[in-house]
Structure formats: C-alpha cells, structure tokens
Amino acid sequence: MEPLLVVLSGLPMTLFITVVSFAIGAVLGIPMALGLRTGVAPVRWVVRLAVDLLRGIPMIVWLFLLKFGLSTPAFRITALEAAIVGLGLISAGYLADIYRGGLQAVPKGQYEAAAALGIPGAVSFFGVIVPQAARIVSPSIATYLIGLLKNSSIASTIAVAEMVFMAQGYAKQNINTVAGVLPYAIAGVLYILLSIPVAMLSRRLDANLRKAVI
Amino acid sequence: ACGGGSGSSGAKANCTPLVSNITTIKSGTLTVGVIDQPPYSSYNNGSPTGMDIDFIKQIADANCLNVEYQQASFANAMQAIASGQIDTATGDINVTEKREQVVDFPRSIYLEGVGYASKKGVDVKSIDDIDAKGIKTIGIGDGYGWLADMQKVFGDKVKTYPSSVEMKQDLEAGRVDMIMEAYGTAVDEFKGNDNIAVEYANKNPDKRINSLVEPPEVSYPYTKGNTSLGQAFDKGIEKIIKDGKVKPTLKKYGLDEGLAEIRDKQYVVPATD
Amino acid sequence: MIELGGVVKSYNGNTILHEVSLRVERGEVCSIIGPSGAGKSTLLRCINLLEQPDDGNMVIDGQFVDFTENLGKSDLMALRRKCGMVFQQFNLFPHMSALKNVVFPQMHVLGRGKEEAEERAMELLKRVGLEDRADHRPSQLSGGQQQRVAIARALALDPAVMLFDEPTSALDPEVSGEVLNVMRELAEGGMTMCVVTHEMSFARDVGDHLVVMADGRIIDEGDPKEIMAHPVNERTRRFLSAVGR
Amino acid sequence: MIELGGVVKSYNGNTILHEVSLRVERGEVCSIIGPSGAGKSTLLRCINLLEQPDDGNMVIDGQFVDFTENLGKSDLMALRRKCGMVFQQFNLFPHMSALKNVVFPQMHVLGRGKEEAEERAMELLKRVGLEDRADHRPSQLSGGQQQRVAIARALALDPAVMLFDEPTSALDPEVSGEVLNVMRELAEGGMTMCVVTHEMSFARDVGDHLVVMADGRIIDEGDPKEIMAHPVNERTRRFLSAVGR
Amino acid sequence: MVPKEPLLQFWGEGLPNMLHGLQISVALAGVSMIIGLPLGLLFCMMVMSRNRVISAIGLVVVEIGRGMPALIILYLVYFGLPGFGILLDSFPSAIIALAWNYSCYCSEIFRAGIQAVPGGQNEAGDALGLDGRVIFFYVILPQAFRSIVPALLGQTILLFQDTSLAYTVAVPELMKEAYTYGSTTFQYLRVFVLAGLCYAVVTLPASWITRWLERRLALSY
Ligand SMILES: Nc1ncnc2c1ncn2[C@@H]1O[C@H](COP(=O)(O)OP(=O)(O)OP(=O)(O)O)[C@@H](O)[C@H]1O
Ligand SMILES: Nc1ncnc2c1ncn2[C@@H]1O[C@H](COP(=O)(O)OP(=O)(O)OP(=O)(O)O)[C@@H](O)[C@H]1O
Ligand SMILES: [Mg+2]
Ligand SMILES: [Mg+2]
C-alpha cells in the first residue's frame, strides 16, 4: 500500500508537466508549422533546423541544459520550470511537424475548390483546410500526447517530484528487495493505465475521421 | 537588536550578531542548499539533518539569521551559489581551487576523509590492496576530489556515478567490487550492514592519490565577493571551534575525531590536469 | 461571353497549351472532348485562373484580361467569381453539411447574410433534387448526389459561366444520369457552359458547340452532330472510334 | 464448364447473393451486367473461391465443389488455379517488372523453371502487344497496358476459365479499347470467359450469353442482342436506359 | 563567473572524452537495434498470428513494452532484477531495456507497414493460387518495406537518443561523460551545448537521410 501511495503522490506532478508542456507545444507548434510551409526559403530552412534540433537532441540533454546551464544571477530557473520549458519546446518541434503533415494531407482538390469559388485565402485556410487537417492529425496528436506523458518521467533526472522521482525515492530505501522494485512496477502500470483513455479517444477520433472525411 | 528592529528584515529580535549588516539573498535569512550526503547533510523533505546542518544552525544563530533550506545537488550547487540563487550549500563540500574560481570559501571547519567500502573478506585498506586483492571495478562519484587521480592510476577500472545512492546500490548488488566514498558517507551508508567493510583511507596515504596525502578541508561556499557573509561565516566557524564543538559533533555522527585537525593555513585542493 | 486568344501554358518547359483560341457565346453550351493528356483540364483551369497562362488574353463577361500581366489579388477573385467550377472529384468540403457547403462560399465571397444564403442554398438544392439531403455530410451522399451539391455550390455564387471538368467520369453509369439531367436543365435554362466530357451523347444532344482537343491544340470544332456523324479530321475520327461511337 | 447451383453468400447477416444458379458452357463468353451493389463482383469472387459461399455447389472444369463443406488448402489451390482472375484495379505487383509479374506465379504455382516461365511470359506479353514493355514496372505503364499485363499474368497459369471484374472501368475510354481488343481475341480463340462489365457494346458484340443481376439475384438472362434490343423485364429496361442504351 | 577559457579551447579539452562517450552511445544503440529488429518482427508475427493465445501474448508483451517509459523499464531491469537474483551490469541492463522498448515500437511499425499494402495485392496472390507464405514474403513484405524502412529509421534515431537515459545507471555514454565534465568544470551550459551538438551530429544527418529515403521510396514504383 505504501509504495502505491508514494508513487500516486507524484501523479499530479506528472499530469501537470504533461498537460502544461503539451499546451505550450500545441500553441508554439502553430507558427512553427507555418514556418515549415512558408514559401520564403531562408525562413523555412531556419525553422526546419530548429525543429530538427529540438527533435534530434535527447530530452535529457535539453533538460540538463536548461536546468544547470541557464542560471545567471539575473535569471533563475527551477527544475519544474526547466522541465516544462524543455518538454514544451520539444513538443512544439514534434507537433509542428505533425501539423505540417496534416496540412499537406488535405487533398489538393480542397485548396482548388476553395480557390475556384473565390473564397479569400484566410477564410479558406481557417474555414476549409484547418478543420480537415485537424481531423487528419488528431490520432497523431493523441499518440504524441501518450509519448509525452511517458517522456515526462525524464524530468525525474532533474529532481522534479513526479511519479518516477517518487518511485525512486522510495525504492532507494529498499535496495535489492521486492519493495525496491515495486514502486517502479506500480509507476509503469500507472503509465499504461493513463495512456488507455487517450488511446481510446484517439481511436474514436480516428474512426470519426474516416466516417467524416472519406 | 540587530538591523534596527523595526525593519522588515525578519531577523531575530534581541540578538547580537557576530557580524552586522550581512547581505543575504533574503534579508535576515540564510538560504542554504542542502545536498543529500548523509551524515553531513540530508534534505529530509524540508527538515534537514546532519553534521553540516548542526554547524550551519550554530553559525546562523551566532549571526542572528534565520535559516531556509532548498534541495541541491553537487551538479548545481556551485552554479546556484555563483548565480545568487542560494547563499551557501552543505554536504561535505571541499575547498578546491576549481570551486574557488566560482565561489568563495570562509575558513575550514573539519577535514574530509576518504573511505574505502568493499565486501567483508575483501577488506581493501590501501591503494596497494586494490591490485593485490584483484579488484576489477572501483566506484567513485562524479565530481569527487580523488576521481582524477584514481582514473590516472587505475584507468578503466574506475566507474563513475551520478550520485552516491546508485554507487551504494551497485556495491551491495555486487556490480562494483569497491567504492571510494567520503569517509563519513561510507560509514553512514553501511552502518549495520554486515557484508560491507568500511576503512578510513587516509590512514594509509599513497602519494599517487593527493586526497589521501592531503585530506581536503570542508567549508561552506558563498557567493563571490559577498564579504559580509564571508566574515559572518569566518566568525561563526571560529566560535564553533573555540567553543570546542567540532569533536563532539564528529563523534555524535560516528566519525574519527582526528578529522577536526585542520591545518593552520587553509589547504585548497589544487586543480589537477 | 468567353473569348480566349492565343492561350499558352507550359509546365517546366513542357508546353501543354499551344496558342489556344476559343469563343463561347452567351447561353451557349460548349463541349470539349479529346484524348487523355490533351490539355482539356488545363484549358478549363486557365479560364478559371486556377493556372496563370504564360501568354494570351481573355475576355470574360465583358472584362478583358491580359495573361502576360500579373493579376492583382482582387482582380483574380473578381474574375474567378464569374466562373462556377465543377470538378471530376466533386471536392465538396467534407466537414460541412450539404447545406453548409452551399452557404459557406456565399457568406464569404458575396458577403451574404446567413439567412439569405440559406434561403438561396435551399432553393438550389431543391433545383438539383436534394432538398431532403441538406443536412447530410458529403460522406453520407452518393457520388451523384455529391456532384449535384457541387453544382449547387457553384451556382450559388451566380456565375456568368459554368465550367465542368468531366463531372460524371468518377460516377457509376447509373448515377451519371442524375447529374447529366441537372446539367441538361441548366443548359435549357440558358446558362453559358464549358463542359469537358467523355459523354458523347451529352455533347451531341445538349452541346451547341463541340471542341476537339489533342496534344494541347484545338484540332477540330463546330456543330457536335455534324462532327460526330462525319468526322473530317483524321485524329478526330480515330478518337471518336476509340470512344466507341 | 461452370455450373453454379443455389449459391448463397451473406456478410454479417446481410444476404448478398440469394441462391444464384448459372451455367457457362466451354468456350462461351458470359457477360454479367447490373447496377452497383447487385452482387456481380461477389458472384465472381465466389466462383474463384476468394469468398467461401454459405450454401450451394459448383461444378468447374469437371470438378464438383460443395460449398457447405470446408475445403482443404490443396483443394482450394487446385480450384483457384482453374480460374484466371482480372480485377478492376489490375492489382499487379508494383515491385516487379511486367515480365516478373507474369513469371513469378508460374514458378511458385506451377513450379515451372525460370527459363520456361520466361519463354511463356514473353509469348503472352507479345500476344497482348507488350513484348517491348517487359522490363517496365507497372508504375511506368499506362492503365491499359497494366491491365493487359494482368491478363497475361492470369493466362500464364493456363486457366480453364477467365474471370473479368470490370476490367476497363478504371481506364480512360480511349485505352479501354486496347484491353477490350485483347479480350475479344481471347474470346475468338475459344477461351471460356465470365465478364462483369459496363461496356454494353462488348457484351452485345462479343458475349454469347448475357446475365443481368440486381439485388443479389439474376433477374434476366439470355441472348445479349435480344435482351438489349427488347428488354422484357422492367428492372432490366430501367438499367439499360440508365446506362444510356 | 566569466568563463576563463575560450569556448573552442574548452570544448577541445572535453571533446576526447565526449567522443569516447559517443562511441559507447552508438554501440549501445547498435547492439539494441541488432537485437530489437528481429525481436520486433517476431512480436509482430505473434500479434498478427491467427492463434488467439499467441496473439494475446504478443499483444501483452508489446503493449507493456510500449506503454511504460523507457526510463522505468531501465530501472526495472537494473534495480529490479537483482531483487530476483539476476544481477546484470549496467551496459547489458541498458541493452535489454532499450532493445525491448525498441522492438515493441518496431513491431507496430511492421504491422502498420504490412496493413498499408493494398488488400488487392493479397487478393491477386490468392486468385493466382499463390501460397500464403509466398504471398507474405514475396508480395506483401517487399511492398511494406516502402513505409517500414523510413519509420524504422526514425525509430532508430529515437533509440539512439534514448541511450542518453543509460546515464542514470552509470553507463559511461555521451550524456554521462558530459555530466562528468560539467561537474568538474561547473560550466554546464557550454558542456551540454557540446553534448547536444554531439548528438545532433548523428541525428540530424540521419533524419535528413530518413526524409530523403521516405520521399524516394514513395516515388519508386
Ligand atoms: N501541374 C502540372 N505539372 C506538370 N504537368 C502537368 C500538370 N498538370 C497537367 N500536366 C500535364 O499537362 C498535360 C495535359 O493535362 P490535362 O490534365 O490538361 O489533360 P486532360 O486533357 O484533362 O486529360 P484527362 O482526360 O486525362 O483529364 C498532361 O500531359 C499532363 O501530364
Ligand atoms: N466484404 C464485404 N463485407 C460486407 N459487405 C460486402 C462485402 N463485399 C461486398 N459487400 C456488399 O455486397 C453487395 C454487393 O457487392 P458487390 O461488390 O458484389 O456489387 P457489384 O455488383 O460488384 O457492384 P459494383 O458495380 O459497384 O462493383 C454490396 O451491397 C456490398 O456493400
Ligand atoms: Mg482532365
Ligand atoms: Mg463490383
């Protein structure tokens, strides 16, 4: 019972990090996705490089860089802030690419139909293209969200008191016994349980997408 | 009263400080980063304990300061002091030339010894034992003062760890044959463990490992240039020594009283390589 | 109504349209036939300015366009509004109901109010026989019904000309009839129409003017019945016999 | 050659084929027409045992099959080998050249050696007019050419019957001709064929026997020319007029 | 607090150790991949098996392997197994954890790739009377590779990045070397920027190749 309570005490933090950094990524990903699709080549290259760097450098390196590297007398960053900023930026990189793929997957005929009707660019983008792209990408976004939930565990390495950190704290007092493994196993099961609702939602969205668009 | 009583400083009333007008991050309060390194200090969910904590409390009292604690690690403590996020840190912090590039140290308070911990029956007691007893892997924490010397002598036999907890775990599990830990930490970690033998390494100095010849001194780093805080520490530590409180405290935590024999002139561990 | 003069269009060096000239009078139905790759779709897309031709000019509904000049955005929009376009793949907006598909462009292109737009939309859906399907999503409609909604959507903007690009070729033969009937009624109602089609019977019975294209050129044009009955041009004859008439 | 008796097929409770019986003689060309969803494809897939019917029986090339019994794997393979199937979407193997497409099944189904298989493949590719396209991947071929390769691939296994499921409906009218010509030659060569098609002229001119299906039943059958000229059945008449003849 | 050495000199001093760490990271990823790929194919075949029991076992193994964070799997293997009398060194522990995690993702990639091959291909094979195994290995799998290969490459890049987690169990890989260098110099910003660049030197070209390959394979046949 005790290990379960200890691990559960980290659950709110896990959810908090996941939700906040996802929100940051979801918003920040929009301008980046537009940057990836812009006709201005230098802008596109710069954004592309930024996205590739965000995705290509391990999460733990970003977190350490933010946590230990970015402290000056004028600027302090706590472990939680570092985790949220780090995961948020990385999410923005991944989500930007997902958004871009969604925009690209909207059939060309839709752009053409809107143009042929003379619908102004902004209206056709937000009224015609974006709603369809949103449906196309929603399963990928759900998959990413599940991944992010799991990756939030890496925040434990910079001492953010989420589930794995709590599990670790308990396990260290019971080295080499079953009680030393139990909290990790409990945390693992909790992650699986947590991802189930998102996965189910994603499958529902996916099915709806098929019905609505195809 | 210090600091003129009515101020919002929050300093203790009816108290005469050793040093007046001490600059701290939060006026009237000493913000201490606590590194988990029992028995020297452990954060303990916000109510820290340990030898260093005992000393820090005495120093703060003598200077009419409140104390606030934050969790810290060796990786970020110096950075945090240098950048003014905390006033000082505890956890068996050695006075070294590298650290002096980033922070200032007051006078030292006690010596740090090095401890060997190995399986009972192996009983490593000296550097020469390592080869003699067929040790294959030696665990040492990242940032430990003797790491560089040991790597020079033993090369790939040395395995480094992000913190002493993993290191302890691996010795118990048998993934490393011995570890070289701060003596106090080793004593504390393996207290009551019948399988592990802890030895005080400085008893058998070896000139290849500087820390064994010249045991490092421990003190409380503070932000570079904060002379008022430096003086407060100096005076506070002096008082503790003069009051003869060091040896009893060492004893209380199960450590050799010889660790109180600091040098007349502060010894700074030189930067190797 | 539409007059094209020397329209040239190339893609990366490949010339797809070689100085095509064409005249469609007000109220006339012009059918365009020809083998795959002839440039029929490209020609239609040039009229609608979905593609900017490289050379040539056009008069459409009294307005002159010089293709060598770059068109401003508002000019482009104004010109496009003159044409209603119906695609082979319908291209309805899948996330909107049939009604919304017809209402949405009216509101954003003509600035009509919601009520007015809905009234007009229902009128048109009735005209294409789909008043009872107004609430259905495109995915809940058959191909023929989708194409009729697409026609209603284009008509809702009161275009001067309707352009059709193989409107029935993605449809089962049985449902093609519904769409062709709607087009026939439109033609009878006096709408000016350009229709790219493989439906020879439509071209013959409904079309006023037949244009045969091949390899980016108009190789034959004139009265549909005459050309189909007695094709003079060798290439035309080959095409007509291949299509089986 | 093929004799179906009371074939029933349902998908999750929906009966798609209602006791369909049909006879196709050796060397006969049987055309199957009917509206979308009538069950034409399903019938063909049952003959080929791509679907296992729920009831009924079949005699094919002298071999009797009772659909209520579970077929062993080797029986299934042997029966399938009797039919060559050509699909609407060609279904060539995209990662193999045209030649390899025709060679591969021969080697793995008939166990022919590589040389023999290639010789036979080249012979068949020549017969469908594609000997110079042997090295091309399907993606490098036009739809009509792909469909002809698919025919060659099916023929290579020396089937007793050829089954065609709308072989030209994914093709442009102009290229359909090539495929229909190959089929016509096959028919003239005495091949037994079942052809689901919307090509009325093929059914009329080449077919020996016409079957009209609707709603999972054969509603009409007999001489193609007769049925097309004077459709007696009301549903047949409606269908024929919708398809435009 | 102002760093004393010029940046490049500072990096130059740390680089030899970091490159050595990079080698270990690459080795860790390489061995995990060599184990994980065939294992992934096996899991995929189990999951797709018609035998319900095998399929259920496969599904459980894969869903656990994908459902838990890599870090937890690593801790379970490294800190958990000794409690059951299985004592593995840090390197093999990391390999087991990473390879299992990786193979479960690969299993799903294989499955998606196979399901993405149009149904008509299976039908055509059936109609020709081809054997099920022949269809799978000669018709379906080669086509599935078109979508599988880029996805696998992408997953392998993630695997390479995940090797950084092995630092927590004291594998002397790149992240560990960076941390060691940082804890002796206190110049974490410079150190982790260098570490990031070391990772990027591998992952950026790899992801560019992946994108290029994806486009090329999409265009082929
Ligand atoms: N965006 C493009 N880029 C390059 N070439 C193009 C493009 N669009 C069309 N083409 C080429 O232009 C030629 C004419 O195409 P078009 O679609 O106008 O023919 P079509 O007569 O409509 O044929 P179909 O009956 O097959 O629709 C073709 O050879 C085609 O490959
Ligand atoms: N696998 C399946 N599961 C459920 N229903 C099916 C399946 N295959 C076919 N059907 C249904 O069986 C009916 C007959 O389908 P079939 O494809 O045989 O018609 P068809 O005559 O070939 O039509 P078309 O001309 O459109 O090809 C349709 O209503 C279809 O929805
Ligand atoms: Mg076209
Ligand atoms: Mg069919």
Exercise. Under the 3.5 angstrom rule, does the side chain of A:Gln110 hit a backbone N or O of C:Leu92 as a donor-acceptor pair?
Worked result: yes
For this session: Quick one: closest heavy-atom pair of C:Phe93 and A:Ala113, and the distance?
Result: CE2-CB, 4.3 Å
Exercise. How about C:Arg127: does its CZ atom have over 12 heavy atoms from other parts shown lying under 6.0 Å from it?
Worked result: no
Exercise. Do C:Pro94 and A:Arg135 have side-chain heavy atoms sitting under 4.5 Å apart?
Worked result: no
Exercise. With a 4.5 Å limit on heavy-atom distance, are the side chains of A:Leu117 and C:Phe104 in contact?
Worked result: no
Seminar exercise, completed: In short, C:Leu50 meets A:Ala116 closest at the heavy-atom pair CD2-N, 4.0 Å
Problem set entry | Structural part of C:Arg45 lying under 4.5 Å from a heavy atom of chain A | side chain
For this session: Heavy atoms only, distances under 4.5 angstrom: which of C:Met77, C:Gln89, C:Arg81 has the most pairs with chain A? Name it, please.
Result: C:Met77
Exercise. Is the number of heavy atoms from other residues, nucleotides or ligands under 6.0 Å of C:Gln52 CD greater than 12?
Worked result: yes
Exercise. Under the 3.5 angstrom rule, does the side chain of C:His95 hit a backbone N or O of A:Gly127 as a donor-acceptor pair?
Worked result: yes
For this session: Count the heavy atoms of every other residue, nucleotide or ligand shown that sit under 6.0 Å from CZ of C:Phe64, and state whether that count exceeds 12.
Result: yes
Problem set entry | Crowding at CZ, A:Arg37 (>12 non-hydrogen neighbours, <6.0 Å) | yes
